[in-house]
Amino acid sequence: MEPFTSTTPERFISDFFTSLTESTVRGDAPESVMARHFTPDIVQFSDGTRLEHDRLLAHLRPVRKNVVGWRFEVHEAIADGNRIAARLTIHARTRKGGATATEVHLLGEFTDDGRMRRAHQLTRALTPAPADAGGQA
């Protein structure tokens with residue numbers, strides 16, 4: 001992961017989610033993925049649901065099992081110190097061939113080395129989902 005301060009907020013968010021997804025899908029050890037991308041005391045609220053380390057770790061299993069393609073489209077991002085506000089769309093393709101697109105509004109706090117410490121996300125499924133989930137596989 002690039003250090004937080006060495007890139008634009010848009011590139012940082014795109015690189016963060018791409019690295020997290022690539023590491024998960026290619027089968028890196030889940031604890032290793034968590035250690036590289038999140039602080040041990042991570043707290044993320046996603047659509048009002050509180051997710052701490054163990055719940056985020058559990059979320060990696062279905063991603064690894066189901067996702068075969070992805071692309072992150074960052075529409076805008078701004079940074080203030082180690083905090084980022086971003087609006088992005090996650091495009092994904094699953095093993096069963098289904099395409100999904102999810103709009104994400106993110107307020108996040110990151111460490112200087114690029115790990116997420118805190119986040120609040122609001123998401124919305126976009127329908128119909130665009131057919132292209134990107135070139136990652």
Side-chain angles (χ1 to χ4, degrees):
M1 236 8 258
E2 284 279 325
F4 179 81
T5 57
S6 68
T7 188
T8 67
E10 293 86 355
R11 173 56 56 197
F12 175 83
I13 288 296
S14 179
D15 289 350
F16 177 85
F17 283 112
T18 298
S19 174
L20 174 62
T21 305
E22 285 176 350
S23 298
T24 300
V25 171
R26 77 173 166 236
D28 290 4
E31 286 293 342
S32 173
V33 173
M34 289 296 295
R36 279 195 315 272
H37 295 89
F38 302 100
T39 61
D41 62 342
I42 178 67
V43 176
Q44 177 178 318
F45 290 89
S46 185
D47 299 326
T49 300
R50 182 184 176 105
L51 303 167
E52 295 177 0
H53 184 277
D54 290 345
R55 287 188 74 184
L56 286 167
L57 180 64
H59 177 67
L60 296 180
R61 286 185 212 105
V63 171
R64 174 175 293 167
K65 181 179 177 183
N66 296 314
V67 174
V68 296
W70 61 90
R71 178 172 56 89
F72 299 98
E73 181 181 4
V74 180
H75 306 290
E76 58 188 328
I78 57 173
D80 180 20
N82 283 1
R83 297 179 301 162
I84 290 182
R87 186 175 62 83
L88 62 141
T89 302
I90 301 170
H91 301 272
R93 197 169 17 92
T94 64
R95 291 197 188 285
K96 294 181 181 179
T100 65
T102 306
E103 180 180 62
V104 179
H105 293 249
L106 167 74
L107 297 173
E109 178 186 347
F110 294 83
T111 60
D112 288 339
D113 65 357
R115 293 178 298 147
M116 184 183 284
R117 176 179 289 135
R118 303 271 182 273
H120 287 262
Q121 295 183 153
L122 294 175
T123 67
R124 175 175 71 104
L126 301 176
T127 54
D132 175 33
Q136 304 291 328

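Predicted, not measured: the structure shown is a model, and the values here were computed from it.
With a 4.5 Å cut-off on side-chain heavy atoms, L60 and R64 do not count as touching. Taking the side chain as every heavy atom from C-beta outward, R115 and P40 approach each other to under 4.5 Å. Residues F17 and L106 form a side-chain contact, since some pair of their non-hydrogen atoms from C-beta on lies under 4.5 Å apart.
Atom CG of L56 is separated from atom NE2 of H37 by 12.5 Å, given to the nearest 0.5 angstrom. The distance from the CG atom of D80 to the CG atom of L107 is 11.5 Å, given to the nearest 0.5 Å. Between R26 atom CZ and T21 atom OG1 the span is 11.0 Å, to the nearest 0.5 Å. Residue D113 holds its CG atom at 9.5 Å from CG of N82, rounded to the nearest 0.5 Å. Here F72 contributes atom CZ and L20 contributes atom CG; the two are 7.0 Å apart, rounded to the nearest 0.5 Å. Distance check: E31 CD to M34 CE gives 7.0 Å after rounding to the nearest 0.5 Å.
Enclosure of atom NE2 in H53 by more than 12 non-hydrogen atoms of other residues, nucleotides or ligands within 6.0 angstrom is indicated.
Note on V43 and V104: separate hydrophobic clusters, where clusters join Ile, Leu, Val, Met, Phe, Trp and Tyr whose side-chain heavy atoms are under 4.5 Å apart, directly or indirectly.
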Between I84 and F16, does a side chain to side chain contact (heavy atoms under 4.5 Å, CB included) hold up when you go through it step by step?
CA-CA 12 Å; I84 290 182; F16 177 85; over 6 Å; no

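Partner of E109 under the side-chain hydrogen bond (donor to acceptor under 3.5 Å, both in side chains) criterion, chosen from R117, R83, R118: R117. Remark: of the listed residues E73, H75, R124, H75 is the sole one forming a side-chain hydrogen bond (donor to acceptor under 3.5 Å, both in side chains) with T89.
The two residues K65 and R95 have their closest heavy-atom pair at O-NE, 2.6 Å. The two atoms that bring T24 and V33 nearest to each other are OG1-CG1, 3.6 Å, heavy atoms only.
Under the 3.5 Å distance criterion, the side-chain polar atoms of S14 are left unmatched by any main-chain donor or acceptor of E10.
Counted by atom type alone, T123 and D47 present one or more donor-acceptor pairs between their side chains at under 3.5 Å.
Aromatic ring pairs are classed by plane angle as parallel below 30°, tilted from 30° to 60° and perpendicular above 60°; the pair H120 and F45 is parallel.
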